[in-house]
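Below: one structure, written as structure tokens.
This one's a predicted model, so the numbers in the text were calculated from it and none came from an experiment.
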Amino acid sequence: MASGYGVNGGPSRCFPFWQELLSCYVVNTTEFDDSGKAKCAGHMEDYYECLHHRKEAARVMALQAAYRAAEAKKLKENPPNATQIRNLGLLDKEEDTKRVLESS
């Protein structure tokens, strides 16, 4: 990870974020004073996001939940009628035609 070499031999996907974090620490901290670490919180957050993708996963889950809710609302507002359900392609056209004629 910190070596910079990825699985395929090139630089790892998060190595640029690691370099930014490390350079921030070098610039803002000294051997005797670690108070500058607070300035590197943004870099640390970016690096952790690159490693774990937690924000991305949360955003995807929120989008999926909103999409499912919209689909459920649309289905409640406009439910399919019997003809739409029959025309799902589960029955052969001949069987479907016979059943429609028999029921009417």
Lys55 meets the salt bridge (charged side-chain N to carboxylate O under 4.0 Å, His left out) criterion, sequence neighbours left out, with Glu45

Contacts of Arg13 that satisfy side chain to side chain contact (heavy atoms under 4.5 Å, CB included) - sequence neighbours left out: Cys50, His53

Return the SG to NE2 distance between Cys14 and His52, rounded to the nearest 0.5 Å. 8.5 Å

In Å and rounded to the nearest 0.5 Å, what is the OG to NE2 distance from Ser23 to His43? 6.5 Å

Quick one: pull up CZ in Arg54 and CD in Glu49 and give me the separation to the nearest 0.5 Å. 9.0 Å

As an exercise, state the distance from CZ of Phe15 to CG of Leu22, rounded to the nearest 0.5 Å. 8.5 Å

Going by atom type alone, with no hydrogens or angles, which donor-acceptor pairs under 3.5 Å involve a side-chain atom of residues 60-76 and a protein atom two or more places apart or on another chain?
none

Atom SG of Cys40 and atom CG of Asp46: how far apart are they, to the nearest 0.5 Å? 11.5 Å

Listing request: all side-chain hydrogen bond (donor to acceptor under 3.5 Å, both in side chains) pairs with a residue in residues 24-33, at least two apart in sequence or in separate chains. Asp33-Ser35

